[in-house]
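Here the structure is laid out as structure tokens; the discussion comes afterwards.
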Amino acid sequence: FRDVLTCVCPGSKMVTSAKSSVPTVADQAAAMQLGQCAKNLATCLAELRTSAQKAHEACGPMEIDSALTAIQTLRSELQDAMLAAVNAQLKPLPGESLEKCAQDLGSTSKSVGSSMAQLLTCAAQGNEHYTGIAARETAQALKTLAQAARGVAASTTEPKAAAAMLDSARDVMDGSALLIHEAKQALISPGDAESQQRLAQVAKAVSHSLNSCVNCLPGQKDVDMALKSIGEASKKLLIETIPPASKSFQEAQSELNQTAADLNQSAGEVVHASRGSSSELAVASGKFSQDFDEFLDAGIEMAGHTQKKDDQVQVIGNLKNISMASSKLLLAAKSLSVDPAAANAKNLLAAAARAVTDSINQLIMLCTQQAPGQKECDNALRELEAVRGMLDNPNEPVSDLSYFDCIESVMENSKVLGESMAGISQNCKTGDVSAFGDYVGSASKALCGLTEAAGQASYLVGVSDPNSQAGHQGLVDPIQFAKANQAIQMACQNLVDPDSSPSQVLSAATIVAKHTSALCNACRLASSKTTNPVAKRHFVQSAKEVANSTANLVKTIKALDGDFSDENRSRCRVATAPLIEAVENLTTFASNPEFASIPAQISSEGSAAQEPILQSACSMLDSSTHLIKTARSLVINPKDPPTWSVLAGHSRIVSDSIKSLITAIRDKAPGQRECDSSIDNINKCIRDIEQASLAAVSQNLPSRDDISLEALQEQLTSTVQEIGHLIDPVSTAARGEASQLGHKVTQLAGYFEPLIKASVGVASKLKDHQQQMTFLDQTKTLAESALQMLYAAKEGGGNPKASHTHDAIAEAAQLMKEAVDDIMVTLNEAASEVGMVGGMVESIAEAMAKVNHRYFPCAFARQMTKSVTCPDELGALASQVTVDYSQLAVQGRLAAHTAEPEEIGFQIKTRVQDLGHGCIFLVQKAGALQIIPSDSFTKRELIECARAVTEKVSLVLSALQAGNKGTQACITAASAVSGIIADLDTTIMFASAGTLNAENDESFADHRENILKTAKALVEDTKMLVSGAASGQDRLAQAAQSSAKTITQLTDVVKLGATSIGADDPETQVVLINAVKDVAKALAELISATKCAAGKAADDPSMYQLKSAAKVMVTNVTSLLKTVKAVEDEATRGTRALEATIECIKQEMLFQSKDAPNKTTTPEEFIRMTKGITMATAKAVAAGNSARQEDIIHTANLSRKAISDMLTTCKQAAYHPEVGEEVKNRALMFGSECTTGYIDLLEQVLLVLQKPTAEQKQQLAACSKRVAGAVTELIQTAEAMKGSEWVDPEDPTVIAETELLGAAASIEAAAKKLEQLKPRAKPKQADETLNFEEQILEAAKSIAAATSALVKSASAAQRELVAQGKVGSIPANAVDDGQWSQGLISAARMVAAATSNLCEAANASVQGHASEEKLISSAKQVAASTAQLLVACKVKADQDSEAMRRLQIAGNAVKRASDNLVRAAQKAAFDKADEDNVVVKTKFVGGIAQIIAAQEEMLRKERELEEARKKLAQIRQQQYKFLPSELREDNN
């Protein structure tokens, strides 16, 4: 599988390059062939990738065994090579040389090390899939290593060296085979500590063998000997007493200076030799170790001359630093010689050489007593010599400075250098030696800064040349890890050094903390960027290990800082070991080639562009060196006029060099020259398109006969697509990547000439003049938007600090994207009209290669159905399918990366790619059908393709849902909690009515502990939910399911507790149930917030909402616990209820969403709700004055409901479609104002309960006035919503009339529905009539008409009563008339409902879905409800009035119609029963069985009949309780 991917990746790059080259090929035939070949290759690669994925899925577990077999084969090959070497028959293969094989071995050793580190991580995590991949990669790297080892052994002339190389390579193979075997065993038991320990031990052994193998390379032994020599020499520094000096101070000083110069020069030679042959490195390292030995002896001699113990310790400390820096220089040189292509290896070597120079300078400054100013000049000269290497071959970045940072650095340092040169000259004249030394030091620092900036600027200039190939940033920066590793190791050595002072310990601790923090941040970033789950976990785990070991070390450092005892130093030494090991392991893992940066390749044109900068910088360094040497002699002898003129000459050359350097850097600004050239190119293209447009207007546009329209359209499409792909890269480069700007604008401008040619060609082939002008105008718009983009890009220049240009760049990019979209739409429409689908197929294939974001492809199925039912729309639909699939593919890979477990992600990718293949076939068939619309075979194929695509869409959806387990669980849990809240509302209604009775003699105390325990469990679930949002989908699903289960248990136990309180205390019951309802509502909000926050970053706004919801949840659970504890305490339960209500109302306001509600309501309903607020306010004031706990509880319960209803109704009324924006805002504002005022009132009541003074009680009136004022405003707002038609919505008469008219309307609607119904068509048979359905429909229609007339008559009778004064419009006896109105209303509703049921039963019966018995029952119910309506009207009516007479007639008509329907239905049922023939079985046993079955059915039916009668009796008894008194009496 990895081999396939290795082939697919460069293949995909080749396809991309070929497609981007097609528009620029002048030869039409060659261009078409290249384009076709690119398409074919892309299709083949896509199929290869899909097949490989399927094969990998099937054969993945076999990779470990395959790797083991491969390694064992390599071992036997090496064994054969050893035998050949012993017999002097081992010969190098063609193309092999010692240098090449040595470099291959060195670079491969790193690959082997990093792949083994990955293997260890995968095995430790128990990930079989990635362990197999890592094992395979290890085997491949070992294959290269074995070939290189054989080549080195065959090319060397020393038999011992060849044998040692092959022997060590064989040891590597043995160890690797054992490592993979142990990894396989670790997978079987992932958590087994013993197997993990064995794995780590084997890995260390393999690492040791690998180092031994590398050390067998030519030249490496010499470097190792030099390192060993430096180590041996450094042991001289460990002696406790420095021997007395054997030479005079002047001799010792002179010798130290000389050996320092020699060592510095040797360091430069090592740097140079490491880039050459192995023999050169061997000589240079040997000389370096010899010079180091001499320098060390001179340093120890110098230490013998120091008088003070502290000075002596400082000298020895500096010598130790030089020893460490020298060792690191040799290690860096060794590393570079082994792998010259390693990222940043040259920079690391240069840094190591500078470290040697700096440490030498520190020692010289400390030890020598020279003539004034001499030390400073010598140090400066050494520093300049060390930085000169930066200018030798700047094909790697010198620092992380951007181009514009380089310019700033050059300007700042040149200013400092100018001041320093003036100071040097001035202080030479005045003889101020101290100031002279300071100026020399600052000049040296400025020159080093100038050199570094010049080197980096020259690198950026070379890279930015369009012919150069820019490098790419890797996942991690190896140089950062290497520097951090080096700094941490040095700091740890200083920590454990017995001679280190307290200040040095603290300094070392600071360095450790700084670099470990940087490493942890780098790991966090790498973890977020990588798509490899094993690497992601490894980076996170490594960061934890580094952080934990740092924390342990810091503890020991604090103890050491308090007491510098040997015991504390020993603890500190022990604590450094885990940190160094963790950092080493992390650095090894980070060196994996998978994470490495790709270095830039600078072209010869780029190198030529670097020359002016490099020449100016070299000239500056040379003249500065001469200037410092001259100043060194002048400060001793300032009276020498010829030397002054030499100094002035050098100073002038330095100034001229810096001026030329600044000019060269500014002139070579990346991208500017390319921007100018591209602007000229596009201006020329715009002129060409304008000429073509003029020709088209005058109908003189010559047609191109050398190429077909289809070919031109394909050319134009590919060109526009390539331009579209470059918009974002150009925009990004213009805003902050100066080195990329030249590349991108050159590419962009290169497409406009072929664009214009293709566009004019297409226009010339079109017959429609309007279409011609559309193509040309859109092409011109695209060219003009590109021109605007280039002007903005040139001004931005890639400078991230030029923020004033960024908006213009973004705007130009947006305009250009719109222009590209417009021309692509026109092209696709034109192509699809004639059945050309090549572009669409290519788009789908391109999208398949990208497969990135969660997207649910529900639009696909709709397109599939339409494509086979509307052939005329095939072109547009195929285009739509292409767009839809592109969106799905763009979003698919991220869904795959975030899915857990990894198998689901793999499944998503595979299924999305399968869907892509299906879409390609579908679009191709659609194109074929458009060309030949009458081809029935193609139509069938299209239908098959559509069906296949629909199936694949469902497979993608199922995979997405499987990877989205946590979110699905959150949705299910939210639904369950919503049901619980609704159930609690019902329970509150029963409790308020006093019907929530205890079933036995249990008390609340029996349930208290259970409630408390369950509530605490819910708090734990809350924590799991919050942590689950940041964890995987499995954890989230588990947390959501657990919380839903716990809230169900909690509501059950609280309901049991409330029931045990008894129906004689309903208010306390309601308080308790409200408390658990608040918890359920908070949990619903928390689950919703968790669902939104799942998988988001820690700083995402949704995570803050999650934390806020969790706080509310905990608050509400705490409130429930307090309520539970206060239930049995009569003195405090009212206060507790009030506190809970205040908190609930505040949360109600907090969670009020700004979205429109699902339904709206009328202003009348809104006004009715405000009356609840008025009543609750009065109760609250009264409760505050009485201070009785019972009143307080009642107020708390009433307030909660009143405010909740008001807020809901206010929002529903405000969002009514007929309500204006101003009135809506007023309603919402005063609703909020009313709620705030009411909260203040309740808080004042609470205050009165705690401090019942007269002053506090007076405040109640003020608070209630504020609420009353808000209610008045709300009523006025409602009046504004309603308009001029205003009635009292509480008037029972108005309610009665409204209900009657509504009932009449519903009956009329049902009647109209019946009129439209027709009986089912049945096959005619000789012995059947077709009369029954007709009879049913006619009878039902007549019943509907009669009931409509009845309800209208009842409405008229009611109006007559009002007119006669028997019922007042605002009744004097509101209770009595209200009761009558309620009776009339309920009767009218019953008539309407019964008629509706009848219509449904008639409809169902006609369609054969319902029995005649249901129809008969419905008709009888109509008759019964009619009788109730008549009774309700007769209660107060005049029996002889016209309205009453009409009412009686209408009632009789309903009764007659119902009887007719019942008779027809009964007759039909009877006829049907007659027609039912029974087939009697003739066999004896069968006959007996038939009789038993018939008897069984008869008994069952009798039992069902009895149960149905009982049920009907119960229903009537329940309904009877709610009937008004008039109806009950009459029925009696």
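Basis for what follows: all heavy atoms, side chains included, without hydrogens, waters or symmetry-related copies. These figures come from a predicted structure and were not determined experimentally.
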- [ ] Would you confirm whether Ser1042, through its side chain, and Gln1038, through its main-chain N or O, come within 3.5 Å as a donor-acceptor pair?
- [x] no
Task: NE2-OG distance between His181 and Ser176, expressed to the nearest 0.5 angstrom - done: 14.5 Å
Task: Atom pair CG (Leu1086) and CE (Met1113), whose distance is rounded to the nearest 0.5 Å - done: 6.5 Å
Open item on the list: For a side-chain contact (heavy atoms from CB on, under 4.5 Å) check, start with the C-alpha distance between Ser66 and Arg136, then their side-chain angles and the critical distance, and finish with the verdict.
Closed with: CA-CA 8 Å; Ser66 170; Arg136 187 71 183 149; 3.4 Å; yes
Open item on the list: According to side-chain contact (heavy atoms from CB on, under 4.5 Å), who are the partners of Val1019, at least two apart in sequence or on a separate chain?
Closed with: Lys1023, Val1117
Open item on the list: Taking Ala582's backbone N and O only, do any of them form a donor-acceptor pair with Glu545's side chain (distance below 3.5 Å, no angle check)?
Closed with: no
For residues 203-212, which side-chain N or O atoms pair as donor and acceptor with protein atoms under 3.5 Å away, sequence neighbours left out?
{"residue": "Ser209", "atom": "OG", "partner": "Ala205", "partner atom": "O", "Å": "3.0"}
{"residue": "Asn211", "atom": "ND2", "partner": "Ser207", "partner atom": "O", "Å": "3.4"}
{"residue": "Ser212", "atom": "OG", "partner": "His208", "partner atom": "O", "Å": "3.0"}

Task: Donor-acceptor contact below 3.5 Å, side chain Asn552 vs main chain Ala575 - done: no
- [ ] Identify the heavy atoms of Ala969 and Ala1037 that sit nearest to each other, and give their distance.
- [x] CB-CA, 3.6 Å
- [ ] Measure the spacing between CG of Leu145 and CE of Met173 and express it to the nearest 0.5 Å.
- [x] 5.0 Å
Task: Heavy-atom donor-acceptor pair, Thr510 side chain to Leu506 backbone, under 3.5 Å - done: yes
Task: Residue pairs passing the salt bridge (Lys or Arg N to Asp or Glu O under 4.0 Å) test where at least one lies in residues 505-515, sequence neighbours excluded - done: none
- [ ] List the steps and the verdict of side-chain hydrogen bond (donor to acceptor under 3.5 Å, both in side chains) for Glu182 and Gln201.
- [x] CA-CA 10 Å; Glu182 287 295 338; Gln201 287 171 351; over 6 Å; no
Task: Residue pair Leu579 / Thr516, side-chain heavy-atom distance below 4.5 Å - done: yes
Open item on the list: Less than 4.5 Å apart, side chain to side chain, heavy atoms only: is that true for Val512 and Val554?
Closed with: no
Task: By salt bridge (Lys or Arg N to Asp or Glu O under 4.0 Å) - contacts of Arg911 (at least two apart) - done: none
Open item on the list: With rounding to the nearest 0.5 angstrom, report the CD to CE distance, Gln489 to Met324.
Closed with: 9.0 Å
Open item on the list: As an exercise, state the distance from CD1 of Ile1087 to OG1 of Thr1022, rounded to the nearest 0.5 Å.
Closed with: 9.0 Å
Task: Minimal non-hydrogen separation, Gly175 against Val202, with atom names - done: O-CG1, 3.8 Å
Task: Non-hydrogen atoms of Leu586 and Ser542 that approach each other most closely - done: CD1-CB, 3.5 Å
Task: Heavy-atom check, side chain of Pro729 versus side chain of Gln740, under 4.5 Å - done: no
TODO: Could you pull out the closest heavy-atom pair between Ala1044 and Ile1047, with the gap in Å?
DONE: O-CG2, 3.2 Å
TODO: Enter the distance from Ser402:OG to Gln456:CD here, rounded to the nearest 0.5 Å.
DONE: 8.5 Å
Task: Non-hydrogen side-chain atoms of Val1026 and Thr1090 separated by less than 4.5 Å - done: no
- [ ] Please report the closest heavy-atom contact between Ala135 and Ala67, naming both atoms and the distance.
- [x] O-CB, 3.5 Å
Task: Nearest non-hydrogen partners of Cys572 and Leu553, listed with the distance - done: O-CD1, 3.9 Å
Give every donor-acceptor pair under 3.5 Å between a side-chain atom in residues 517-527 and any protein atom, sequence neighbours left out.
{"residue": "Asn521", "atom": "ND2", "partner": "Ser517", "partner atom": "O", "Å": "3.4"}
{"residue": "Ser527", "atom": "OG", "partner": "Lys536", "partner atom": "O", "Å": "3.4"}

- [ ] Sequence neighbours left out, what passes salt bridge (Lys or Arg N to Asp or Glu O under 4.0 Å) with Lys184? Give chain and number order.
- [x] Asp65
